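To start, the structure under review is shown below, and the notes come after it.
We name chains A, B, ... by the order of the sequence lines, and we start the count at 1 in each one. In this text the structure is predicted, and so the values were computed from the model without any measurement.
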Number of protein chains: 2
Amino acid sequence: MPLTSSPRGRPAGTSSAQTRQRIITAAIRRVAECGRSGATIREIASAAEMTSASLYHYFPTKDKLMAAAVAAAREIALPRLHDAAQRGATVADRLAAVVAEADRVSRDHPYLAAFERATGAASPLHLVLGEIVDEARRSGSLAADVDPRGAANAVYALTRGLTEQAARLSPEAYRATLRCAEDLLRGRLF
Amino acid sequence: MPLTSSPRGRPAGTSSAQTRQRIITAAIRRVAECGRSGATIREIASAAEMTSASLYHYFPTKDKLMAAAVAAAREIALPRLHDAAQRGATVADRLAAVVAEADRVSRDHPYLAAFERATGAASPLHLVLGEIVDEARRSGSLAADVDPRGAANAVYALTRGLTEQAARLSPEAYRATLRCAEDLLRGRLF
DNA sequence: ACCTGAACACCGTTCAAGT
DNA sequence: ACCTGAACACCGTTCAAGT
């Protein structure tokens, strides 16, 4: 074997699952930094210390890799949002707690908000908000003539817009926006 | 000159401004249908009845063409939203009128909502909402301790999310969502 | 199974050459 | 000025060949 040849086969001390995770982590970071189309397969592979051809051994297309990254990102936020949904006595309290927790998750995982924004994937927030509104309807906190699905969608629309703004505004301006969004949910903005 | 050669020079009866407009219209449609990266320069040029090389005579890069398309799209919606902002006695009435008019604009220009969503550009809605909230603050309809920029951003976030939902939901479900959004603005959802 | 370099068709963009 | 076909570097993806 010539000394100039590149190493072949799986490096010692790494499992297939670890390699997969390394690729997903690299993908989340690169997509957050450069956007979905700006993050090239070659760069993601390089950040995961392999060739683009090797990456295709783990993910058959860029779309499938993105879907796996979206699912991984969701698993980070979902349990925390679920916990937050338990806090608070009233529906408005719970909604505010979930929105606030979503903000904290963004702070703890700096790449996450930019990644979700770049992919435009449905956030775990939708699920949690739907649950809160459903429960509000069961407990009678929602006016009887209000469509619960419509209410969940409206609140979800608000949070989608907030996530988008988070990437556009300064942290200070975004914090002010969040406070107003909470006032809006509590019915005391205007 | 061989009979097989393609025509050269500007076709008779067209001005430079008309050609520019034709390119922009084609760009809006293709981006709405295929997304920003899915809409290729070659396809946009083809839809505008020219070569991609010719298109570069009018726009130096794809980014500049997209910016021009965004500006053109804005000019469609802005006057109508401005008019709607005059209607209604209270702040909530005016906000609801603008949101409703934005919905009608989307219906009148089927490609527009998808295009704005695909480009992620700041919509003319932002400007109009900012004006309404500023006026609300001057007239004292906004609580003194509320940051007016934050309030405008929060309402804008809601409308951005609504626009996104419009593409995802059935017309019926979207209408229910719009009604709940109005209730939310009026402070009587929860 | 896992990895490689080299190739494929396609993209945004450029350019010499035509009218 | 306006348009063309042909080329450029780069992208996602494939593949024969290595261990």
Query raised in the report: If you round to the nearest 0.5 Å, how far is CG of B:Leu178 from CG of B:Asp103?
Result: 5.0 Å
Query raised in the report: How many angstroms lie between atom CZ of A:Arg186 and atom CG of A:Asp93, to the nearest 0.5 angstrom?
Result: 4.5 Å
Measure from the side-chain heavy atoms of [X] and tell me the nearest of [options].
X       : options               : result
A:Ser52 : D:dG5, D:dC2, D:dT13  : D:dT13
B:Met50 : D:dC3, C:dT13, D:dT13 : D:dC3
A:Ile41 : D:dG12, C:dT13, C:dC2 : D:dG12
B:Arg42 : C:dG12, D:dC3, C:dG5  : C:dG12

Below the 4.0 Å mark, does [N] have OP1 or OP2 next to a side-chain nitrogen or oxygen of [X]?
X       : N     : answer
B:Thr51 : D:dT4 : yes
B:Ser54 : D:dC2 : no
B:Thr19 : D:dC2 : no
B:His57 : D:dC3 : no

Roughly, in whole Å, what's the span from [atom1] in [X] to [atom2] in [N]?
X       : N      : atom1 : atom2 : answer
A:Tyr56 : C:dG5  : OH    : P     : 16 Å
B:Lys62 : D:dC11 : NZ    : P     : 15 Å
B:Phe59 : C:dG12 : CZ    : P     : 15 Å
A:Tyr58 : D:dG12 : OH    : P     : 20 Å
A:Arg20 : C:dC2  : CZ    : P     : 11 Å
A:Arg22 : C:dC3  : CZ    : C1'   : 12 Å
A:Arg30 : D:dC11 : CZ    : C1'   : 15 Å
B:Lys64 : C:dT13 : NZ    : C1'   : 15 Å

Requested in this report: Using a heavy-atom cut-off of under 4.0 Å over every strand shown, decide if A:Ala45 touches base, sugar-phosphate, or nothing.
Outcome: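 Nothing, no nucleic acid heavy atom in range.
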Query raised in the report: Heavy-atom count around A:Arg149 CZ within 6.0 Å, excluding the residue itself: above 12?
Result: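 It does not: A:Arg149 CZ has 12 such atoms or fewer within range.
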Report summary line: On DNA chain D, more 5' by nearest nucleotide between A:Thr40 and A:Ala53 is A:Thr40
Query - Watson-Crick/G-U partner (both atom distances under 3.5 Å) of D:dC10 - result: none
Query raised in the report: Watson-Crick or G-U wobble partner for C:dT4, using a 3.5 Å limit on both distances?
Result: D:dA16
Requested in this report: Could you tell me whether the side chain of A:Leu189 reaches within less than 4.5 Å of the side chain of B:Leu185, counting heavy atoms only?
Outcome: no
Report task. For the pair B:Glu182 and B:Arg179, find out whether any cationic side-chain nitrogen is under 4.0 Å from an anionic carboxylate oxygen. Result -> no
